[in-house]
Asks: 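Just passing along the structure, written as structure tokens.
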Amino acid sequence: MPFGHWPAPRELGADDIRAPVRAFGEAAARALSGGFEVLEIHATHGYLLHQFLSPLSNHRSDEYGGDLDGRNRFLVPVTDAVRAQWPEDRPLFVRFSATDWADGGWTPEETVELSRHLVAHGFDLVDITSGGLVHNARIEVEPGYQAPFARTVREGAALPVSAVGLITAPEQADQILVDRSADAIMLARELLRNPAWPLHAAHVLGDDVPWPKQYQRGRPRHR
């Protein structure tokens with residue numbers, strides 16, 4: 001299916017699916033040899049694994065389509081291929097879009113069910129985001145707007161959960177943890193804007209953390 005006006009991709013045949021499964025395992029081995037300490041499988045935002053999971057994009061009639069067991073039949077071998085290369089003492093995360101923000105799409109309830117299923121496949125944390133699959137999704141964006149999805153998964157699954165999405169203020173991040181909506185906070189753009197954000201947050205929240213010399217001159221002002 002095309003994404004908006006973009007060209008339609010080619011549907012993978014059953015034999016074609018083995019190649020990306022192997023590629024995920026090989027990528028994990030390269031990450032290990034490169035010195036990485038945490039891996040995250042990205043099954044969200046309209047990329048290939050998400051395309052298989054959502055009924056909006058997965059219209060297959062073979063064993064990789066249909067109900068949830070069929071739609072996750074690609075993800076599970078990928079996770080096993082990665083975990084086979086990734087040591088047990090190093091964390092493995094998986095990232096899900098808890099909702100497609102579109103009728104008939106992937107739901108928070110399916111995210112919970114799949115997260116519970118993946119406990120036995122060696123995952124340590126579920127990273128919860130949303131959207132990215134369909135071009136006409138109507139996303140209700142506001143600060144911390146995805147934290148409620150993280151809370152739903154945290155309460156229903158047997159794994160720790162992280163929250164993302166317009167989390168910019170230390171007090172905001174702290175409240176999400178205090179409310180037990182998530183076990184961890186993930187930052188992206190905010191860390192690009194301010195690489196010293198964790199030290200800034202520690203200072204604002206009252207933790208006695210010394211500032212490294214390289215940040216002394218550009219230390220943020222605090223309210």
Side-chain angles (χ1 to χ4, degrees), residues 31 35-47 49-50 53 79 82 86 89-101 106-112 114-116 118-119 122-133 137 139-212 214-215 218-223:
F36 285 88
E37 297 182 356
V38 179
L39 282 188
E40 180 173 87
I41 294 177
H42 198 285
T44 181
H45 292 166
Y47 291 102
L49 293 170
H50 186 188
L53 290 175
T79 64
V82 169
W86 194 243
D89 62 346
R90 299 200 185 191
L92 178 62
F93 301 169
V94 62
R95 192 172 216 205
F96 289 134
S97 283
T99 176
D100 290 327
W101 294 98
W106 184 257
T107 66
E109 292 72 26
E110 288 178 306
T111 307
V112 169
L114 183 53
S115 298
R116 292 178 65 87
L118 291 177
V119 171
F123 279 103
D124 299 292
L125 179 140
V126 185
D127 181 10
I128 295 299
T129 180
S130 68
L133 182 77
I139 303 177
E140 301 171 6
V141 177
E142 62 182 5
Y145 70 105
Q146 296 179 136
F149 298 131
R151 185 184 187 96
T152 296
V153 176
R154 187 181 188 276
E155 292 175 348
L159 282 171
V161 169
S162 64
V164 304
L166 291 184
I167 300 171
T168 58
E171 300 90 341
Q172 176 194 13
D174 187 57
Q175 193 61 49
I176 291 172
L177 299 177
V178 169
D179 291 343
R180 302 181 67 83
S181 293
D183 301 281
I185 302 296
M186 297 289 193
L187 302 177
R189 294 177 181 86
E190 194 61 24
L191 284 180
L192 294 175
R193 286 188 284 263
N194 178 13
W197 192 96
L199 294 172
H200 167 58
H203 178 80
V204 169
L205 297 174
D207 293 334
D208 186 17
V209 178
W211 284 75
Q214 63 266 35
Y215 295 128
R219 183 169 175 170
R221 296 179 180 178
H222 310 303
R223 295 190 299 273

Asks: Has Ser97 got a side-chain atom pairing as donor or acceptor with Gly131's backbone, closer than 3.5 angstrom?
Replies: yes
Asks: Can you sort out the partners of Tyr47 under ring pair (Phe, Tyr, Trp, His ring centres under 6.0 Å), two or more places apart, ordered by chain and number?
Replies: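 Ring pair (Phe, Tyr, Trp, His ring centres under 6.0 Å) list for Tyr47, sorted by chain: His42.
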Asks: Taking everything shown except Arg90 itself, do over 12 heavy atoms lie less than 6.0 Å from its CZ?
Replies: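 More than 12 heavy atoms, drawn from other residues, nucleotides or ligands, come within 6.0 Å of this atom.
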Asks: With Phe96 as reference, evaluate Leu49, Thr44, Asp127, Leu118 under the side-chain contact (heavy atoms from CB on, under 4.5 Å) test and give the passing residue.
Replies: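 The side-chain contact (heavy atoms from CB on, under 4.5 Å) with Phe96 is passed solely by Leu118 among Leu49, Thr44, Asp127, Leu118.
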Asks: Checking the side chain of Gln172 only, and the main-chain atoms of Leu166 only, is there a donor and an acceptor separated by less than 3.5 Å?
Replies: yes
Asks: Around atom OH of Tyr145, are there more than 12 heavy atoms of other residues, nucleotides or ligands at under 6.0 Å?
Replies: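 Result for OH/Tyr145: enclosed.
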Asks: What are the two closest non-hydrogen atoms of Ala150 and Val161, and how far apart are they?
Replies: O-CG1, 3.6 Å
Asks: In Å, rounded to the nearest 0.5 Å, how long is the span from CD1 of Ile128 to OG1 of Thr152?
Replies: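 Answer rounded to 0.5 Å: 9.0 Å.
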Asks: With distance as the sole test, does Trp101 use its side chain to make a donor-acceptor pair with the main-chain N or O of Glu140 at under 3.5 Å?
Replies: no
Asks: Please find the pair of heavy atoms, one from Ala157 and one from Val112, that lie closest to each other, and give the distance.
Replies: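 Result for this residue pair: N-CG1, 4.0 Å.
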Asks: For the atom pair CD (Gln146) and CD1 (Ile176), what is the distance rounded to the nearest 0.5 Å?
Replies: 10.5 Å
Asks: So, Thr111 side chain and Thr107 main chain: donor-acceptor pair closer than 3.5 Å or not?
Replies: yes
Asks: What residue among Val38, Leu159, Val126, Leu39 forms side-chain contact (heavy atoms from CB on, under 4.5 Å) with Phe93?
Replies: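 Exactly one pass, corresponding to Val38.
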Asks: Quick check on Arg193: does its CZ atom have over 12 non-hydrogen neighbours (other residues, nucleotides or ligands) under 6.0 Å away?
Replies: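 Counting other residues, nucleotides and ligands, CZ of Arg193 exceeds 12 neighbours.
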Asks: How close do Leu53 and Ala43 get, counting heavy atoms only, and between which atoms?
Replies: CD1-O, 4.1 Å
Asks: With rounding to the nearest 0.5 Å, note down the distance linking CG in Asp124 to CH2 in Trp86.
Replies: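 Asp124 CG to Trp86 CH2: 11.0 Å, rounded to 0.5 Å.
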Asks: Tell me, do Arg151 and Asp179 make a side-chain contact under 4.5 Å, heavy atoms counted?
Replies: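 The answer is yes, as the side chains (C-beta and beyond) meet within the 4.5 Å cut-off.
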Asks: If we only count heavy atoms from C-beta on, is the Pro198 to Leu191 side-chain gap below 4.5 Å?
Replies: yes
Asks: Between atom CZ of Phe149 and atom OG1 of Thr99, what is the distance when rounded to the nearest 0.5 Å?
Replies: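 Separation between the atoms: 5.0 Å.
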Asks: Between atom CD1 of Ile185 and atom CG of Leu177, what is the distance when rounded to the nearest 0.5 Å?
Replies: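 Answer for the CD1-CG pair, Ile185 versus Leu177, is 4.5 Å.
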Asks: Do you know the tightest heavy-atom contact between Ala169 and Trp197?
Replies: C-CZ2, 3.8 Å
Asks: For the residue pair Ala182 and Ser162, what are the closest heavy atoms and their distance?
Replies: CB-C, 4.1 Å
Asks: When rounded to the nearest 0.5 angstrom, what distance separates CD1 in Ile167 from CD in Gln175?
Replies: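 Ile167 CD1 to Gln175 CD: 12.0 Å, rounded to 0.5 Å.
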Asks: With no hydrogens and no angle check, is any side-chain donor or acceptor of His50 less than 3.5 Å from a backbone partner on His45?
Replies: yes
